[in-house]
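This chain uses plain numbering: 1 for the first residue, then up along the sequence. Computed over heavy atoms, backbone and side chain alike; hydrogens, waters and symmetry mates excluded.
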Amino acid sequence: MSSGEASARLVQDVDAVQTLFVRLSAPWALGAGAVSAALLAGMASPMAGLMLLLAMGLSAAGSVLIARRLAAPAGREVQIATGVLKDRLTALEAVSPELKAYGLDRWAAGEAAQAAARLDRSQIVLSQAGGWMAAWQATVTGLAVAAVVPATLGAALPMTALAALAAVMGIEAAAGLVGALQQNGAAVEAARRLDALASAPSLASSPAPSEASLVLSADGVQMAPPMRLGLIGPSGSGKTTLAERLVGLRDALADEARLGGLDIAGVAPDDRRPLFAYAAQDIRLIDGTIRDNLLLAGPAEDGALWRALEDAALAERVRADPAGLDARVGPNGERLSGGERRRLGLARAYLRSAPWLVLDEPTEGLDPTTEAQVLTALDRRLKHSGQGLIVVSHRPAPTQLCDRVIRVEGIAEDGKVRLTVTRQLAPV
């Protein structure tokens, strides 16, 4: 799911669902208003009370019909169109430098405007539905007064006036229900969209690995920290897919690997993730400080933060900034170079205490000198920590640190990765 769609579901959809708690009181308010109004009108004439109840029933029935025909579809479309607009905006924002470079600014603006127009149309229809409901309420109010007043014929004038006011009050009591009906379509669609996020099958009750030994079924050799494994292969062969399946970012396949003696497909992702510290190929940073981004790995003292930056060959750059660890990185690290963002991601992974350190293209985009510094520091850090290493790389230097190198040949028809051992030392 894109960040824009996720944002729409976790903000707009949650807001829409929250109206449920307000809407739950609408039927009760309508019932209390109907009883009170009918009793007051009935004091002038029982027929007046009956006519008012009929008018209120007519008001509610018409509002329900308008809601089902107009408001509900429009409300559902508003929630969907909001997600589409946010999805489009975030996608365009992510490639804004390329759009400028290729002179596609107007095209991008048109794409955003098209998505915004869809949302505008659905909001207009929803507002029109609200207008029709209000017009219906006003019409029924007039009809109620016109029916109640003649029904009080023979009553004292003050009682006739009371019955007329009761008619207005009774129809007004339905206003809460009208508002609830107008919001109902959006809330139902929002609940459906949120349910889709929460409906993924859970393996929370599955057994957790008792230790961190790893066996790739296509390889058959048991590996355990501090062993180091390199995964190589052409672009698109499945190296990152395999790594993400191991750490619980993708659904694992049965009989693809074993973790702690258990089939990895039967181990819940939440039980797998503590065994791995992961630095992805595509580094994502929050719009905060260097310290904020490092502490995503967990609580740590400043000394540990600086050691991680030293091992990632980034400490000198951070010290050169007057703000130091409190220097802001900008949205997704835009104030850093590509290599600095990657090294900040490495430092964050170093701070996570886990049996296995998983690095996906850790030196991509680094010059040879910086790459050598990073790998030397990584070798030193692994010897000190005793962590195991799984490194994905198409560059030869990172795999020189590894005891065992496996070539990922591609993904077979059953979805499993095909492996070939290219370097094999005695497993630990």
Side-chain angles (χ1 to χ4, degrees), residues 3 90 93-98 100-101 228 230 240 243 247 276-354 356-387 389-402:
S3 59
T90 52
E93 188 276 335
V95 294
S96 56
E98 287 79 4
K100 293 177 181 178
R228 304 175 185 180
T240 296
V247 303
F276 300 95
Y278 181 54
Q281 180 178 6
D282 184 15
I283 300 296
R284 297 301 180 96
L285 303 175
I286 61 174
D287 186 6
T289 66
I290 290 176
R291 186 195 309 275
D292 294 335
N293 280 279
L294 290 174
L295 291 180
L296 291 176
E301 301 291 336
D302 281 6
L305 302 185
W306 282 113
R307 286 192 294 274
L309 291 171
E310 289 280 1
D311 289 342
L314 193 60
E316 184 177 347
R317 159 69 174 83
V318 176
R319 288 193 180 98
D321 193 301
L325 292 173
D326 294 317
R328 302 194 66 83
V329 302
N332 202 26
E334 66 178 16
R335 297 183 183 179
L336 304 176
S337 69
E340 290 168 346
R341 292 176 66 253
R342 184 167 300 281
R343 283 177 283 158
L344 183 55
L346 281 175
R348 183 167 60 195
Y350 290 164
L351 288 166
R352 183 174 175 85
S353 177
W356 290 99
L357 178 63
V358 183
L359 307 179
D360 193 348
E361 301 290 359
T363 60
E364 178 70 20
L366 303 184
D367 61 84
T369 300
T370 304
E371 179 182 47
Q373 292 175 349
V374 168
L375 295 178
T376 299
L378 173 60
D379 182 55
R380 181 176 63 247
R381 188 178 186 92
L382 291 174
K383 289 177 180 177
H384 176 74
S385 67
Q387 280 182 302
L389 174 67
I390 301 175
V391 60
V392 176
S393 181
H394 69 276
R395 298 164 68 103
T399 58
Q400 295 302 313
L401 301 178
C402 298

*Asks:* Restricting to side chain to side chain contact (heavy atoms under 4.5 Å, CB included), what partner residues turn up for Pro362, sequence neighbours left out?
*Replies:* Leu346, Leu359, Val391

*Asks:* Could you give the distance from CD (Gln400) to CZ (Arg395), rounded to the nearest 0.5 Å?
*Replies:* 12.5 Å

*Asks:* Enter the distance from Ile286:CD1 to Asn293:CG here, rounded to the nearest 0.5 Å.
*Replies:* 4.5 Å

*Asks:* Of all residues at least two apart in sequence or in a different chain, which pass the side-chain hydrogen bond (donor to acceptor under 3.5 Å, both in side chains) check with Arg228?
*Replies:* Asp379

*Asks:* With rounding to the nearest 0.5 angstrom, report the CD to CD1 distance, Glu364 to Ile283.
*Replies:* 11.5 Å

*Asks:* For Thr240 and Tyr278, work out which heavy atoms get closest and say how close.
*Replies:* CG2-OH, 4.4 Å

*Asks:* Using side chain to side chain contact (heavy atoms under 4.5 Å, CB included) as the criterion, list what pairs up with Ala347, not counting sequence neighbours.
*Replies:* Leu294, Ala308, Leu309, Ala312

*Asks:* Which residues pass the side-chain hydrogen bond (donor to acceptor under 3.5 Å, both in side chains) test with Gln281, not counting sequence neighbours?
*Replies:*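 Gln281 satisfies side-chain hydrogen bond (donor to acceptor under 3.5 Å, both in side chains) with no other residue.
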
*Asks:* From Leu401 CG over to Lys383 NZ, what is the distance, rounded to the nearest 0.5 angstrom?
*Replies:* 9.0 Å

*Asks:* Please confirm whether the backbone N or O of Leu296 pairs with a side-chain atom of Arg348, one donor and one acceptor, at under 3.5 Å?
*Replies:* no

*Asks:* Once salt bridge (charged side-chain N to carboxylate O under 4.0 Å, His left out) is applied, do any residues pair with Glu361, and if so which ones, sequence neighbours excluded?
*Replies:* none

*Asks:* Of all the heavy-atom pairs spanning Ala313 and Thr370, show the shortest one and how long it is.
*Replies:*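 It is CB-CG2, 4.4 Å.
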
*Asks:* Does Pro396 offer a backbone N or O that forms a donor-acceptor pair with the side chain of Thr399 under 3.5 Å?
*Replies:*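 Yes; at least one donor-acceptor contact below 3.5 Å.
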
*Asks:* Which heavy atom of Arg342 sits nearest to which heavy atom of Asp360, and what is that distance?
*Replies:*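 So the two residues come closest at NH1-O, 3.8 Å.
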
*Asks:* For residues Ser393 and Pro398, report the shortest heavy-atom separation together with the two atoms involved.
*Replies:*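 The pair with the smallest heavy-atom distance is OG-CG, 3.5 Å.
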
*Asks:* Show me the pairs that pass side-chain hydrogen bond (donor to acceptor under 3.5 Å, both in side chains) and involve residues 321-331, at least two apart or across chains.
*Replies:*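 Residue pairs passing side-chain hydrogen bond (donor to acceptor under 3.5 Å, both in side chains), neighbours aside: Arg291-Asp326.
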
*Asks:* For Arg284, check side-chain hydrogen bond (donor to acceptor under 3.5 Å, both in side chains) against everything at least two apart and list the hits.
*Replies:*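 So Arg284 forms a side-chain hydrogen bond (donor to acceptor under 3.5 Å, both in side chains) with Asp282.
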
*Asks:* Can you name the closest pair of heavy atoms from Leu351 and Ala300 and give their distance?
*Replies:*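 That would be CD2-CB, 4.4 Å.
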
*Asks:* Determine the minimum heavy-atom distance between Gly330 and Asp287, stating which atoms define it.
*Replies:* C-OD1, 3.3 Å

*Asks:* Write out all pairs satisfying side-chain hydrogen bond (donor to acceptor under 3.5 Å, both in side chains) with one or both partners inside residues 303-315, taking only residues at least two apart or from two chains.
*Replies:*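 Qualifying pairs, neighbours excluded: Glu310-Arg319, Asp311-Arg380, Asp311-Arg381.
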
*Asks:* Could I get the full list of side chain to side chain contact (heavy atoms under 4.5 Å, CB included) partners for Glu340, not counting sequence neighbours?
*Replies:*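 Partners of Glu340 by the side chain to side chain contact (heavy atoms under 4.5 Å, CB included) criterion, ordered by chain and then number, come out as Leu314, Arg317, Leu336, Ser337, Arg343.
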
*Asks:* OH/Tyr350 to CG/Leu357 distance, rounded to the nearest 0.5 angstrom?
*Replies:* 6.5 Å

*Asks:* In a check of side-chain contact (heavy atoms from CB on, under 4.5 Å) between Glu371 and each of Thr369, Val374, Asp367, Leu375, which one passes?
*Replies:* Leu375

*Asks:* Output all residues satisfying side chain to side chain contact (heavy atoms under 4.5 Å, CB included) with Glu334, sequence neighbours left out; order by chain, then residue number.
*Replies:* Pro331

*Asks:* Can you sort out the partners of Arg352 under side-chain hydrogen bond (donor to acceptor under 3.5 Å, both in side chains), two or more places apart, ordered by chain and number?
*Replies:*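 Not a single residue meets the side-chain hydrogen bond (donor to acceptor under 3.5 Å, both in side chains) criterion with Arg352.
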
*Asks:* Can you tell me if CD on Glu98 sees more than 12 non-hydrogen neighbours from other groups inside 6.0 Å?
*Replies:*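 Above 12, so yes.
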
